[in-house]
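What follows is a single structure, written as structure tokens, with notes after it.
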Amino acid sequence: MVKLPDMPIDSALARLFTEERAEGDATWFSLPGGAVLFEPGEPAEYLYFLRTGRLGVFRIEDGHEPQFLGLIRPGEPAGEMAMISGGPHTARVVALRDSEIFALGREEFFAHSTSDSAIMGELARLMLSRTRRTAPMVGSGASEPTVFGFMTMSRKLTVRPIVDKIARAIGRLGYGVTVVGVEAQHAPTEWFTEVERNHDFVLYAAEAEDHGWRQVVARQSDRLLPVARGDLQAPDAPAAYARTTVQAQQLVDLLLVQPALRQRPSGSAAWARAAAPSRVFQLRRDDSADVRRIARVLTSQSVGLVLSGGGARAYAHIGAIRALRERDIPIDFVGGASMGAVVAAGVAMGWGDDELEMRIRQAFVNSSPLDDIALPLLAMTHGLKVSERLAQHFGDMEIGDLWLPFFCVSSNLTTGNYHLHRSGRLRDALRATIALPGILPPSTDGSNVLVDGAVMKNFPTDVMRTFHQGPIIGVDVSRGRSITADDVARPTSVLRWIFSGQWRKGPPIVSLLMRAATVSSSRDLAMAREATDILVTPDVSGVEIRDWAAFEPAVKAGYEAMCVALDKLPGPVSSLRRRPSRIELEARRAQSLA
């Protein structure tokens, strides 16, 4: 029987898998990197215990890419929730590195746990801790990445100084961190295990000429971060790590270094083709704010902001954003649906409060974007004014070239599911997400017909959770009283309706269609709430959903609602999902034993 790595002597799980306890019961086997331990739906007949290596946990949903949920590290079990509940596994577990595993059958486990009650108590505490730590990623039973590999993709870029800056920023967040370079290329496996055990975070740095070390880093990291210069030409061939397990499991993030004075990033599309990343992060050279953002991302303290659709009521998002900025709360990821996506795109563009307000006023407030009335063959309007204004304010900007990671959703009437926009031209994605059926003509993507994202997913906080581990702030302006009989009443006089200018809002059917498209089901709202750490619901019941001139009251409502929500917090927003450091965990453990 192969011995376990060092474990606390009072660990019931460690005792369960020692030679004396498990001889004849537990089975030891090795699992090569990339191999699957179990799949969703398979019967949970064993409790697994990881001795060495790393396991990745993924949620598999039809029609979507596998969602990474977290890691299982040496000394941790896998499959315990399904085995105890008696149900099938709900996630895929894959070996990210060559791993050694113990397996103990269900009957043997319950026989041991009957004679040692501490086993079930320890598992119960572990499962509760995992549920809290990874919620709402149900059934993951896993922890966050702690080992990151940085490797330059160009000989004209030295990566070690960048990694050192990120390490210092992580250290200022209260964690133990170390940077390891090519000097460790020939170190034994045990050395890497010891370094990773003794630090909260390990950052491996590999330069272009470190060929052998780059292979080690690709095999040893929980996530890879290839680093490139956005102002240089990207290679045509895929990166050398393309056949590694982390690449196969989509655990690669691209870090693009941009010139210090550049007004907008560039090169994202070409470098993304070469690196095949799951996420793209921009880093202005010598910009400490961007370095701190990357440190927050790696430590799960980055802040995501999700904005719902709601027609003119989405102006409230501008007030909410102003409140966040006044309190120096970072915004690291942004996304939304419908009009919320338009405001979120402005944040991702890097617009300050004044510019964001000015551009939204120009595009929507000063004159209605929906007054180019058309013969309703496809919609009530031609949609030309909306398209022109999106082009005016967003130009030909690519989503990957935004300063912040951004997404929006539209509704795919061809597939019957929501459509996620994380690449391509920004204004095309925004045109799709605001294409309210019956009001604006639909957008097309190949053979797919795309309409307003609010139809299928008006408050996509659960989408944000699929690629963002830190706290999420969600602002939902679609709740409360939204439409009354007065809003859909026929005009008493068509001429008076025209001469009063009320026609610019669109006929009453516009209110009906807009509200119908933004009504979320109870199930969708529950999922959105579950994925949100701070839920903000401004009182915009006094703002009619198509009243594009009602800017000030909506902005005020968003500002006040965000201030109230932030005042209720016990601590900083970034600490809501903060993982404790090793020193903090040891202090807690010592205190519990005292």
Side-chain angles (χ1 to χ4, degrees), residues 303-327 329 331 334-344 346-347 353 356-357 360-361 364-365 368 434 436 452-454 457-461 464 471-489 505 508 510-522 524-569 573:
V303 178
L305 177 64
V306 180
L307 308 178
S308 79
R313 293 179 170 185
Y315 295 150
H317 297 317
I318 297 173
I321 292 165
R322 184 179 293 273
L324 289 172
R325 288 172 168 169
E326 283 184 357
R327 302 195 184 201
I329 295 173
I331 301 174
V334 286
S338 196
M339 270 296 293
V342 175
V343 177
V347 177
D353 290 336
L356 178 62
E357 178 175 333
I360 294 298
R361 281 184 177 277
F364 297 96
V365 182
S368 173
I434 62 175
L436 209 63
D452 198 301
K457 194 170 283 290
N458 189 42
F459 193 32
T461 54
M464 174 70 82
I472 292 177
I473 302 173
V475 186
D476 186 2
V477 297
S478 66
R479 303 187 184 188
R481 187 189 69 83
S482 295
I483 191 170
T484 67
D486 292 338
D487 297 322
V488 296
K505 295 181 181 179
V510 172
S511 289
L512 185 64
L513 292 172
M514 292 180 75
R515 183 51 186 158
T518 57
V519 174
S520 300
S521 69
S522 298
D524 288 339
L525 287 176
M527 290 178 61
R529 283 182 172 180
E530 189 180 6
T532 307
D533 297 283
I534 302 175
L535 179 62
V536 183
T537 55
D539 181 6
V540 287
S541 56
V543 177
E544 211 276 320
I545 200 168
R546 61 191 169 114
D547 187 359
W548 300 105
F551 185 81
E552 284 79 8
V555 171
K556 181 181 178 182
Y559 179 86
E560 292 176 346
M562 181 61 74
C563 288
V564 169
L566 296 177
D567 288 340
K568 294 179 180 179
L569 297 179
V573 173

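Numbering of residues begins at 1 and proceeds along the displayed sequence.
Val555 pairs by the side-chain contact (heavy atoms from CB on, under 4.5 Å) definition with Tyr315, Ile318, Phe551, not counting sequence neighbours. With sequence neighbours excluded, the residues satisfying side-chain contact (heavy atoms from CB on, under 4.5 Å) with Arg327 are Ile329, Cys563, Leu566, Asp567. Asp539 is linked by a side-chain contact (heavy atoms from CB on, under 4.5 Å) to Ser541, counting only residues two or more places apart in sequence or in another chain. For Arg361, the side chain to side chain donor-acceptor pair (under 3.5 Å) partners are Glu357, Glu552, not counting sequence neighbours. Contacts of Glu326 classified as side chain to side chain donor-acceptor pair (under 3.5 Å), with partners at least two apart in sequence or in another chain: Tyr559.
Smallest separation of non-hydrogen atoms from Ala320 and Met562: O-CG, 3.6 Å. Minimum heavy-atom separation, Gly309 to Ser478: O-CB, 4.0 Å. The nearest pair of heavy atoms linking Ala565 to Ile534 is CB-CG2, 4.0 Å. Here the closest non-hydrogen pair linking Ala312 and Asp547 is CB-O, 3.2 Å. Shortest non-hydrogen contact noted between Ala316 and Val477 is CB-CG1, 3.9 Å. For Pro538 against Asp476, the heavy-atom pair with the smallest separation is CD-O, 3.5 Å.
Panel note: side chain His317, backbone Ala341; no donor-acceptor pair is recorded below 3.5 Å.
The structure places CG of Leu305 at 4.5 Å from CG of Leu307, a figure rounded to the nearest 0.5 Å. Separating the CD1 atom in Ile434 from the CG atom in Asp452 is a distance of 8.0 Å, to the nearest 0.5 Å. Atom-to-atom distance recorded for Ile321:CD1 and Leu356:CG is 5.5 Å, nearest 0.5 angstrom.
Val347 is listed as a side-chain neighbour of Arg325, based on a closest heavy-atom distance under 4.5 Å. Using a 4.5 Å heavy-atom threshold, the side chains of Ile331 and Val303 count as separate. Between Val306 and Thr532 there is no side-chain heavy-atom pair separated by less than 4.5 Å. Within the 4.5 Å cutoff, side-chain heavy atoms of Val342 are placed close to those of Ile360.
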